[in-house]
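The structure under discussion appears below in the form of structure tokens.
Since this is a predicted model, take the numbers as computed values, not measurements. Just so it is clear, the values below take in all heavy atoms, side chains as well, and ignore hydrogens, waters and symmetry mates.
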Amino acid sequence: MTGHHARQRKARYLLGTLLAAIALHAGALDAGAAAPPHVLREVAQARLAGQGSFRWLGLKIYDARLWVGAEGYRAKAVAATPYALDLRYARSLSGLKIAEASQQQMHKLGLGTGAQRASWHERMEKIFPDVMEGTHLTGVHLPGQGARFYHDGKLLGDIADAQFATAFFAIWLDPATTAATLRTALLADAAPR
């Protein structure tokens, strides 16, 4: 029986190694993906740091990609780091729902005061459009200034509030995010180069 268990462990190890190699190879192929033009305008030398999907109750809501510059993404220096987060939606959602969900996640993370979150919610409701399958919404972190948003590469507008930008991007990038697996995927290659 010991020989049988050893063979099973070896087979599982080899299968795990093979799957990890396939995953790394697939990631490496996509790591060479070119940043969209609106991201290149905002983030110098933009490169794909990582990507993943967000699911809720088993339903895919969106695919996410994090674009960083040569400085990468450094949590301790986040206020000085430009980056862009692109979400490609897998289903239709109203802009009001997106704003509400964003505000709820900021609240769960304990970011901003109640008054700030209410103000941010109003601003997001004004800026976020309704989306459908295939729609891209891109948020750009503007260091020390706030956030800029794009809808399928077209400028939606800015929210000029650095505290809002910190809270908004924390939804995906804060260690306490409710989407820890997605965070790990987004930050896979986010170190400075």
Side-chain heavy-atom pair Phe169, Leu85 within 4.5 angstrom cut-off: yes
Between Leu109 and Thr177, the two heavy atoms sitting closest are CD2-N, 3.9 Å
Looking only at side-chain N and O atoms, does Ser92 offer a donor or acceptor that is under 3.5 Å from a partner on Glu133? no
Could you walk me through whether His38 and Thr138 satisfy the side-chain contact (heavy atoms from CB on, under 4.5 Å) test, starting with their C-alpha distance in whole Å, then the side-chain angles of each, then the deciding distance to 0.1 Å, before giving a yes or no? CA-CA 9 Å; His38 65 285; Thr138 308; 3.1 Å; yes
Counting heavy atoms not belonging to Gln104, are there more than 12 under 6.0 Å from its CD? yes
What is the ring orientation for Tyr83 with His141, classed by angle as parallel under 30°, tilted 30 to 60°, or perpendicular over 60°? parallel
Test side-chain contact (heavy atoms from CB on, under 4.5 Å) applied to Ile159 and Phe164, step by step: CA-CA 8 Å; Ile159 296 181; Phe164 163 78; 3.5 Å; yes
Would you check if Tyr89 and Lys60 make a side-chain contact, meaning some heavy-atom pair closer than 4.5 Å? no
Below 30° counts as parallel, above 60° as perpendicular, anything between as tilted: where do the rings of Phe54 and Tyr62 land? parallel
Quick one: do the His151 and Thr135 side chains pair a donor with an acceptor below 3.5 Å? no
Pairs satisfying salt bridge (charged side-chain N to carboxylate O under 4.0 Å, His left out), at least one member in residues 87-108, at least two apart: none
Does Asp189 use its side chain to pair, donor to acceptor, with the backbone of Gly50 at less than 3.5 Å? no
Pair Asp152, His136: side-chain N/O donor-acceptor within cut-off below 3.5 Å: no
For Glu42 and Pro82, which heavy atoms make the closest approach, and how far apart are they? O-CB, 4.5 Å
Do Asp63 and Ser53 have a side chain donor and acceptor closer than 3.5 Å? yes
Student check: side-chain heavy atoms of Pro36 and Trp67 closer than 4.5 Å: yes
Is there a donor in the side chain of Trp120 and an acceptor in the side chain of Asp161, or the other way round, less than 3.5 Å apart? yes
Any side-chain heavy atom of Arg183 sitting closer than 4.5 Å to one from Pro175? yes
Given the rule that I, L, V, M, F, W and Y join up when any side-chain heavy atoms are under 4.5 Å apart, are Leu40 and Val68 in one cluster? no
Assess whether side-chain contact (heavy atoms from CB on, under 4.5 Å) is satisfied between Leu48 and Leu66, documenting all intermediate values. CA-CA 6 Å; Leu48 184 61; Leu66 180 65; 5.8 Å; no
Would you mind reporting whether Asp158 and Leu142 have side-chain heavy atoms less than 4.5 Å apart? yes
